[in-house]
Each structure stands twice: as structure tokens, then as C-alpha cells.
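Quantities reported herein were computed from a predicted structural model and do not represent experimental measurements. Residue numbers start from 1 in every chain, and the chains themselves are labelled A, B, ... in the order their sequence lines are given, proteins ahead of strands.
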Protein chains: 2
Amino acid sequence: MLITHTEENYLKAVYKLAGKEKKSVGTNAISKQMKTTAASVTDMIKRLSDKQLVNYERYRGVTLTNDGNRHATQLIRKHRLWEVFLVEKLNFRWEQVHDIAEQLEHIKSENLIHRLDAFLGSPRFDPHGDPIPNAEGKFMLRSQTPLSEMSEGSSSILLGVKEHDTPFLEYLNSLNIKLGTEIRILEKIKFDNSLKIVVDESSQSVISEKVSQNLFVRRK
Amino acid sequence: MLITHTEENYLKAVYKLAGKEKKSVGTNAISKQMKTTAASVTDMIKRLSDKQLVNYERYRGVTLTNDGNRHATQLIRKHRLWEVFLVEKLNFRWEQVHDIAEQLEHIKSENLIHRLDAFLGSPRFDPHGDPIPNAEGKFMLRSQTPLSEMSEGSSSILLGVKEHDTPFLEYLNSLNIKLGTEIRILEKIKFDNSLKIVVDESSQSVISEKVSQNLFVRRK
DNA sequence: TATAAAGTTTAGATTAATCTAAAAAAAATA
DNA sequence: TATTTTTTTTAGATTAATCTAAACTTTATA
Ligand SMILES: [Mn+2]
Ligand SMILES: [Mn+2]
Ligand SMILES: [Mn+2]
Ligand SMILES: [Mn+2]
């Protein structure tokens, strides 16, 4: 059964919004994510439901079927593998790859993705620290904590970022923060939960709570 | 100005059918190439004409404008670079890459193609021996002759193939013929112009005139 | 050169994907 | 519980890309 480019993007949106609790997703939430209108979403949901990719009842929101979930997971696999390719082989920086991967993830060829994976050495994480599901759709989980929950005086290593948008990643570049960087919390400012940090035991910065919530770390 | 996936495919079709003499191309020829109907072609041609990508006069056929020609050439550049990537880096065989490259050629990112070209070492020819235009759209020309025009007793080296469809390339594989292979003509059969050949001074075969017309060689 | 054949365009539909505006249902709240 | 607010759906259009059938032009040929 052929799934269009657009249908694939809706599946990804539902997957993302459902979270790991796989909760039911509403029309408005999808329309916001997809930058379309609620009316368009209702239309598309009916189509996905006809194709047995989502479970749908009027006014009740949608969940992915097993088929839909599998398809969404494979899209994420492709997206993240292409991001690794772009960074590792073509020397793109982590803030440049997402939009190109959004296009590449729709290329249809099982053989291609199988060979790409092998060429890259079956990476387990993408350039933003997100896990890459394997061919069967299984993710490698690892324990990570938002930096915002670490205590004053602690040192940790950056494992991943929550948001991947370019301005945020460029901001991290400007602070010399990248995957693997050590971050020590000098002081937590009580007033707004901003953090005074030391990056790789060299440069000192202050970051807002919002930034610290978007940095996933492990205790060093 | 945004050019759709479909519009790009029509531009490529016109480019191909016009040949290097850049002759005017008719509606039926395009519909055959694109596997659509003449009516669809007329419709699309009007759209391309509105976008100044083709010159069009009713009942008179179309030619590419400079813009259209530049765009078509860049598509061919992308297609052929991706084919090189698939063969050189992902170990695909030459008969497997065309359909995947048909998808990859539509990925939009100048930076991507620039880096891909560098990663591949700026190859001048693709896995089928077709020249890859440079970033300015210039092709490297080289003199090559169809094997069908070589004389009895001559030895030559395979530089390229005219058709790239999978069954033809698989047939060549079965004859141990690939780019760089030496082909010596033992005998030209007068009746149907089929050729008795020796491949790499080891295996002997008979190929039809049609096959020999699709093999481009240089005298050894 | 008149007629037939080939090639091309127009007319009118269809499908996917989108929109705005209005109606309907569910959820929140007074 | 009645009313208001929010969310979702339906109705009706629009645009890109496609089709079939019919009309029209150009080219070939008798
Ligand atoms: Mn991404
Ligand atoms: Mn990523
Ligand atoms: Mn090709
Ligand atoms: Mn090729």
C-alpha cells in the first residue's frame, strides 16, 4: 500500500504528539504541528483511518495502529540515519541537517537504508543525541536527565538536546556546548532557576531554565 | 520560484527528447516519455511556460528556456552524483541505482550537492559512463563510438552504455561486460549485424546489433 | 489540392491536499 | 445544571496533476 509524502508527515506528527505514553492526539494539536488547519487534519485523519494507519473515532482523537506506529518508527530511523550521514560523511554541522533529513526520510528503498546503516557502522544515536531505532523498530534507551534537574556543584556530560531547531543549536555552538561536553553547575539562581555553568572546565556562562530543560545529561 | 517534483520530471523529459541539437519537442513524445496523456502534457506545458521554463506556441512543440535548461542540467548533475554515491559508497551495482537516484535527484539543497560532490572527489562520469555536468552545468565531452560502428578485428574499451534499464545491465553482467572491459570483435555477421566478441580476452559471446548500438567504446 | 491520418488542444471530470466559514459536539465553568 | 468556551467536524471552494472524449490543426498522401 502506497503512503504519500504528506501522509507520512502526519504519521510522524501523531507519533511525536502521542509521546511514549501513546496517548490519544487531538485535531488541533496535529494542525498546529503540521501548520495546517483543523479541517485539513480531519480530512487527512479519515484517509489514514481508511488505510488502517490510525484508530479514529469522531471527536475522540487518534492513536496510531501497529502499522502506523511501525511506519512512523521507520521514518524516524531514516531521518536520523541521514542526519548521521550528513554530519559524519559530508561534514555538515548539527544545526544544518534537520531540514535536509526531512526530505531524505521520504526516499523509498529498504535496500538503501539497509546499506546506509551499514556504511555508517549502525550508529545508535543521531547528531542530536536521539536514539536511532533498529530495522525492527527497537530503540536503545539510556538514562538521561534534563540539566535543569541536576544539583548545584554537580558535573555532567551532554548526551542530547530536546529541541533541534537551528537558532537553539547555534546558541549552544556559541557557548561551546556540543555532545560530550562537560557541564559543571556553579550556581543555581533561585529567582528564575537560571544556571551559572562552567563548560569543559574552561568557559563560564549563564543559561536560562528553558535552555537547561532542553539539555539532556548524565552525571559525570 | 518553486518548481514541483512533477515539473522537474517534465523538464528532464524535454531535455532528453530535445537531444543536443535542442530540437523542438512534441506533446505526444513527452506524454510517451512521462507515461501520461497528451492532454496532461499540454496542461503542464502551459504551467512551465507561465514559469518561463519552456518556450511554447500552440501546436508547435516546446523548447527549454535558458532557465529551464539550467534547471534540467542541475537535475542531471544531482541524479548522476547520487548514482556515483550509491555505487562507490554503498556498494550498489550499476543496474540497481537508477530508480533510487530518480528520487534523490529531487532533494533540494545546493549545499548538499556541493558537499556530496566533494565527498565523492568530483567525479566526471557516473556508473553508466555518462558525464556529470559541473556546478556551472558544463559537461566533459569525450569521444566515444557505438560498438556497432567498430570494425572486425578491432579491440576497444567500454566507456558507457546508452540505455540504463535494469534488464539490459543485468544482461551485460551475465556477459561479464562492465565499464573498462575490453571487447574484441571476432566477426561481424553480415545477415543481421550481430557480433561475435571476446570479452577481456577470456569469454566469447554473440551479441545482437541492438546491444552493440547501446555500448559506447573507444579504440584500444 | 482535397481527403485522410497524425498530432494537439479543449472541455469536463476526478483525486489529493489544502483553505474559510459555519455547524455541531464536548468540556469547562458559573 | 445551564451557559459559555473550546474543540472538532462538515460544507463548499481552490489548486495541482491527472484522465477520457471530443474538437481542432497540421502534415501526409492519394
Ligand atoms: Mn531532525
Ligand atoms: Mn536529530
Ligand atoms: Mn540514471
Ligand atoms: Mn546513470
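- When the side-chain nitrogen and oxygen atoms of A/Arg58 are compared with OP1 and OP2 of D/dT10, one or more of them lie within a distance under 4.0 Å.
- Residue A/Asn28 has a polar side-chain atom (N or O) positioned under 4.0 Å from OP1 or OP2 of D/dT8.
- Contact annotation: A/Thr42 side-chain N/O to D/dT8 OP1/OP2 distance is not under 4.0 Å.
- Contact of the A/Ile45 side chain with the A/Tyr10 side chain is not registered, since no non-hydrogen atoms from C-beta on lie closer than 4.5 Å.
- Residue B/Asp50 contributes atom CG, which lies 14 Å from atom C1' of D/dT15 at whole-angstrom precision.
- Ring orientation note: the planes of A/Phe85 and B/Phe119 are nearly perpendicular, at an angle over 60° on the 30°/60° scale.
- OP1 or OP2 of C/dA17 has at least one side-chain nitrogen or oxygen of A/Thr4 nearer than 4.0 Å.
- The pair A/Glu7-A/Lys51 meets the salt-bridge criterion, since a charged nitrogen lies less than 4.0 angstrom from a carboxylate oxygen.
- Rounded to an integer number of Å, the gap from B/Asp43 CG to C/dT15 P is 17 Å.
- Here the nucleotide nearest the side chain of B/Arg47, chosen from D/dA16, C/dT20, C/dT18, is D/dA16.
- The side chain of A/Ala38 has D/dT8 as its nearest neighbour among C/dA17, D/dT8, D/dA11.
- Residue A/Glu57 contributes atom CD, which lies 15 Å from atom C1' of D/dT9 at whole-angstrom precision.
- Distance A/Lys46 NZ to D/dT8 C1': 10 Å, rounded to the nearest Å.
- Note on B/Tyr10: every side-chain N or O is 4.0 Å or more away from OP1 and OP2 of D/dA16.
- Applying the 4.0 Å criterion to OP1 and OP2 of D/dT18, one finds that B/Ser40 has every side-chain N and O outside that range.
- Without hydrogens or angle criteria, A/Arg218 side chain to A/Ser156 main chain gives no donor-acceptor distance under 3.5 Å.
- Following rounding to the nearest Å, A/Leu17 (CG) and D/dT7 (P) show an atom-to-atom distance of 14 Å.
- Residue order along DNA chain C, read from the 5' end via each residue's closest nucleotide, puts A/Met44 first among A/Met44 and A/Tyr59.
- As rounded to whole Å, 12 Å separates atom C1' of C/dT8 from atom CZ of B/Arg60.
- At whole-Å resolution of the value, CD in A/Glu7 and C1' in C/dA17 are 10 Å apart.
- For the pair B/Thr27 and A/Met34, both in contact range of DNA chain C, the more 5′-proximal nearest nucleotide belongs to B/Thr27.
- The distance between atom NE2 of A/His5 and atom P of C/dA17, rounded to the nearest whole Å, is 11 Å.
- You'll find the ring centres of A/His98 and A/His128 outside the 6.0 Å limit.
- Between B/Thr36 and the phosphate of D/dT18, there is no side-chain N or O to OP1/OP2 separation shorter than 4.0 Å.
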